[in-house]
Structures are given as structure tokens and as C-alpha cells.
Amino acid sequence: MRVLMFGWEFPPHISGGLGTACYGLTRGLAFREVDVIFVVPKAYGDEDQTNVTLVGASQIPVKKRVFKFVDKQIKTGEKAVEFPARELESLYIEIGSRLVPYLSPEEFETFVRTRVQEKDFHWTKYLDRELPDSSISTEVIGTIDFSGKYGPDLMQEVSNYALIGAEVALEHHFDIIHAHDWLTYPAGIAAKKATGKPLVVHVHATEFDRTGENYNTIVYDIEKSGMEAADLVICVSNLTRNIVINRYGIEPEKVVTVYNAVESGIEKDTSHIVKGVDEKVVTFLGRITYQKGPEYFMEAAAKVLKHADNVRFVMAGSGDLLRKMIRYAARLGITEKFHFTDFLRGPEVDHMFALSDVYVMPSVSEPFGISPLEAMRSNVPVIISKQSGVSEILKHAIKIDFWDVDAMA
């Protein structure tokens, strides 16, 4: 079997757990003799391609075609559409050798909503027609540049990625499409429409996990459309499966749970790592965002330090709440015993676990949470919130409600 897989990041270029999960999944599929074509927005060239064929969307050639036409009456079935007596210019993107109509999200939405108030008129059919008194110009513009990050142009990159996804699908032979998280769902949908191959979407997190009830409606709509278009929806826990069914209205029959995992039996020599302090080290490792509950970790730390002086706390990670948490540590008066490391990756994570005596994951809503498994693999005991998918499978862990800082302490 061959799988066309759409992701957003791939080690060593990662900013969270999604890239790590995708890497592990491709390794697992390789053991099952499944070939994976893994598409990312931006490929750097130093990725481990032992188990995948890596395709960078930014490497796909693009052409721009501009159509100009004036004062036309176009018949669509029995109806006619009258265009204003002025020049109307349209952008048309050509990927490789095949043509795919495309506008920016803002331009496309504006045009669709104002397409001369004609609901039965289809822009793609319009472009396919021979138009007298029209002109076409083609310009090779190279490739679409992707940052591959989560920056201010993220929505534009997601939209561009979908455009590339259809062409990649047409250029490769495969049996099934697999798209990870909302960033890649539009690409998966485009690939399915282009080839008719079945689509699997993999839900690692939902917008409700990331933001609670203050969710982004655009992201929600993308997630919902991806789940509806999919032939199968994979969730990383029953917690996530219930959200998909109840909050997105997806048929339970096509939603399944497949838990994440870490590879066991990987012994890493950490004997050379020296803590350097006599105190116990309690670690939070993850994105410093609402979803991960960092403030509850800090409140528990403040409670512990009122009763014990031989403990240090570490918050390892980056995120939109980092500055706020630094200020919060100062307000709680625990900065002398509290450390911020910023984002850690690969060997740095192993190093941090080697220094840790306890790992805490106080997530408010955690679809799964793979870091407790990594901590346990390093022989570090863990405290996790009951509001995490990983709590469904862990038997030897202390489980508390994320808000119960007394129990956590």
C-alpha cells in the first residue's frame, strides 16, 4: 500500500508534538511495509527520509495566467450573466502542467459573494469558455514560497498548500490520502477531489482544545469540512472522538480512536548528565498556551515552595503565554526557584528528563499528550490531568483535575 500523507512539519524542523507524531507514524507504517509520500509546505533537505519520500510544496513550479475581457454576456444554461462595461481581470494559477483556478481567500470570498448575484453561475465554467474580445497572458512566477511556520500569513499558506496538494496528488500513484490536523485538511480534500481516492483525516487536536469556547470560526469550519469530506476520521483519544461527534456533528460510525505511542526499549545514555543542584526538579514541558494549563502548574509550585525549600521548578517550552507566565512567577514571588528554558527539541528534551524528578502535565484539554510517555520511558514519574487523552491508557500515573492545584501540589 502507498499513502499520500499531508503534514505541516517534519523533524528536525518542528515547533510542537505534531511533527514528532507524524515522524513516529511514518516509522510505524514502514515496519508494516507501507510506502509514504509525505508532503510538507517547506522541505529543508536535512530530514530523515529513511521511511518516507518527502515532498516540499515550495518546490512545485507555478505559473500565473491573467484573463482580461470586457462587456460580455455569458450564457449559463438558460440564464445569461451581464458583466459591467469595464475590463474585468481574473487571476488563474497553473501548477505544473495542469490548470487549477485559484484566488486568494479574500479575493475568492469577495468574488463568490458578489458574482453578479447569480447563484447558478460558476466561475470555473466561465474560465473554461472561449471568450471573444478577451486576452490571456501567462507569466512563469516560479514557486509559492512557504514558511512552514505558524505565522501571521498562516491562512494564506493553508490555502496555497491546498492548491499544491491537488497537483501533488495528480503526479503520484497512491491508494489513500492521510491529512493531519486542520492545516492540511484543505489539501487532503483537494487531493481527494482531484483523484477520487479515499481520505483519512487525523485529529490530533480540535479548536475547542486550543481555545476553549472562544474558538476561531474559520478554523472550526475548516475542521468540520475536513471531517465531513473524510471517509474515516482518526482521533487520538476517546476524549477527542467525543468532541468530534458532539461538537462537529460527525457520524460516529466513521470516527475511530487510535492512541499515540512512543517507542519502547530505546535506552539513552544519560549517565554523563549531572543535575548540579541538590534540590528535586519538577518539570512542565510543552507549549505554554491556554490548552496546557501552565498557570495551574505555577500555582501548585507556589504552594509547594511554602512548605519545601529543596525543590526547583522548570517550565520548558514556548508559546503565547510565556511572557505572561514570567510575570506571574514574579507576582507569586517564586522566581528564585523557577526556571524558563524556552523551546526544547530532540536531545534537549532527553537532557531535561534526565534532570527531572517529577513531570507534571496539567492540561486543561489535552487530546492525547505524548510527553508523559516520554517521561515514563526516561523513568520519570508523572502527574497528569484527568482532562487528557493519555489518562485513558496510563495506569501508573497520578491523575488530578487540572484546576485542583492543591491535589497537584
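Below, each value reflects all heavy atoms present in this structure, side chains not excepted, and no hydrogens, waters or symmetry copies.
Taking CE from M361 and CZ from F297, the interatomic distance works out to 13.0 Å, rounded to the nearest 0.5 Å. Separation of atoms NZ (K386) and CG (D404) is listed at 8.0 Å; rounding is to 0.5 Å. Between the OH atom in Y185 and the CG atom in D221 there is a gap of 14.0 Å [rounded to 0.5 Å]. Considering CD of E392 and OG of S237, their distance stands at 5.0 Å, rounded to 0.5 Å. Going from atom CE of M325 over to atom CZ of F338 covers 9.0 Å, rounded to the nearest 0.5 Å. Distance check: S388 OG to D209 CG gives 11.0 Å after rounding to the nearest 0.5 Å.
Proximity of V203 to M227: side-chain heavy atoms (C-beta onward) are separated by under 4.5 Å at one or more points. Contact of the I393 side chain with the F368 side chain is registered, since non-hydrogen atoms from C-beta on lie closer than 4.5 Å. In this structure, D357 and V282 have side chains that are not in contact, with every pair of non-hydrogen atoms separated by 4.5 Å or more. Contact annotation: the side chain of Y161 never approaches that of E157 to less than 4.5 Å [non-hydrogen atoms, C-beta and beyond]. The shortest side-chain heavy-atom distance between Y290 and T211 does not fall under the 4.5 Å cut-off. Side-chain atoms of L322 and M315, non-hydrogen and from C-beta on, never get closer than 4.5 Å to each other. Using a 4.5 Å heavy-atom cutoff, the side chains of D181 and W8 are not in contact. Looking only at side-chain heavy atoms (C-beta outward), I164 and N160 stay at 4.5 Å or farther from each other.
The environment of N214 atom CG is sparse: at most 12 non-hydrogen atoms of other residues, nucleotides or ligands sit within 6.0 angstrom. More than 12 heavy atoms of other residues, nucleotides or ligands lie within 6.0 Å of NZ in K254, so this atom counts as buried by the packing criterion. Heavy-atom contacts from other residues, nucleotides or ligands closer than 6.0 Å to NZ of K324 number 12 or fewer. The local environment of CG in D320 is crowded, with over 12 non-hydrogen atoms from other residues, nucleotides or ligands closer than 6.0 Å.
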Run C22 and L18 through side-chain contact (heavy atoms from CB on, under 4.5 Å) and show every step you take. CA-CA 6 Å; C22 289; L18 181 59; 4.1 Å; yes

Test log, rule salt bridge (charged side-chain N to carboxylate O under 4.0 Å, His left out), inputs E366 and K292: CA-CA 7 Å; E366 185 70 57; K292 302 294 183 177; 2.8 Å; yes

Give the C-alpha distance, both sets of side-chain angles, the deciding distance and a yes or no for side-chain contact (heavy atoms from CB on, under 4.5 Å) between I176 and K197. CA-CA 6 Å; I176 196 166; K197 296 296 176 68; over 6 Å; no

What do the steps show when you test R247 against E213 for salt bridge (charged side-chain N to carboxylate O under 4.0 Å, His left out), and what is the final call? CA-CA 11 Å; R247 304 301 296 266; E213 294 302 318; 3.0 Å; yes

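Remark: side-chain polar atoms of K303 are not paired, donor with acceptor, to backbone N or O of M408 under 3.5 angstrom. At least one donor-acceptor pair closer than 3.5 Å links the side chain of K337 to the backbone N or O of D309. Although no hydrogens or angles enter the test, the distance criterion places a donor-acceptor pair under 3.5 Å between the side chain of E47 and the main chain of G45. Checking side-chain atoms of H172 against main-chain N and O of V168 turns up a donor-acceptor pair under 3.5 Å. Here the side chain of R2 pairs no donor or acceptor atom with the backbone of I37 at under 3.5 angstrom. Checked by atom type and distance alone, the side chain of D231 pairs as donor or acceptor with a backbone atom of L199 at under 3.5 Å. Put simply, the side chain of D48 gets close to the backbone of T50: a donor and an acceptor are under 3.5 Å apart. Remark: the backbone N or O of L285 is not paired with any side-chain donor or acceptor of T283 at under 3.5 angstrom. Side-chain atoms of N216 come within 3.5 Å of backbone atoms of V219 as a donor-acceptor pair (strictly under, hydrogens ignored).
Ring planes of H204 and H180: tilted class, angle from 30 to 60°. Ring-plane geometry between Y44 and H13 is classed as parallel, the angle between the planes falling under 30 degrees on a 0 to 90 degree scale with a further cut at 60. The aromatic rings of H178 and H202 lie parallel to each other, with less than 30° between the two planes, well short of the 60° mark. Between F208 and Y248, the ring planes are perpendicular. Angles over 60° get that label, and only those under 30° would be called parallel.
Salt-bridge formation is not detected for the pair R345/E9: no Lys NZ or Arg NE/NH1/NH2 atom is positioned less than 4.0 Å from an Asp or Glu carboxylate oxygen.
A donor-acceptor contact under 3.5 angstrom links the side chains of N238 and T257, judged on distance only. Residues H339 and R312 bring a donor and an acceptor atom of their side chains to less than 3.5 Å of each other.
What you find for G389 and L239 is that their closest heavy atoms are N-CD2, 4.1 Å. Residue A30 comes nearest to N51 through the heavy atom pair CB-OD1, 3.3 Å, listed as atom of the first residue, atom of the second, then distance. Taking each heavy atom of F38 and G7 in turn, the nearest pair found is CZ-CA, 3.8 Å.
Residue T240 is tested with V233, I234, T206 for a side-chain contact (heavy atoms from CB on, under 4.5 Å); the sole match is T206.
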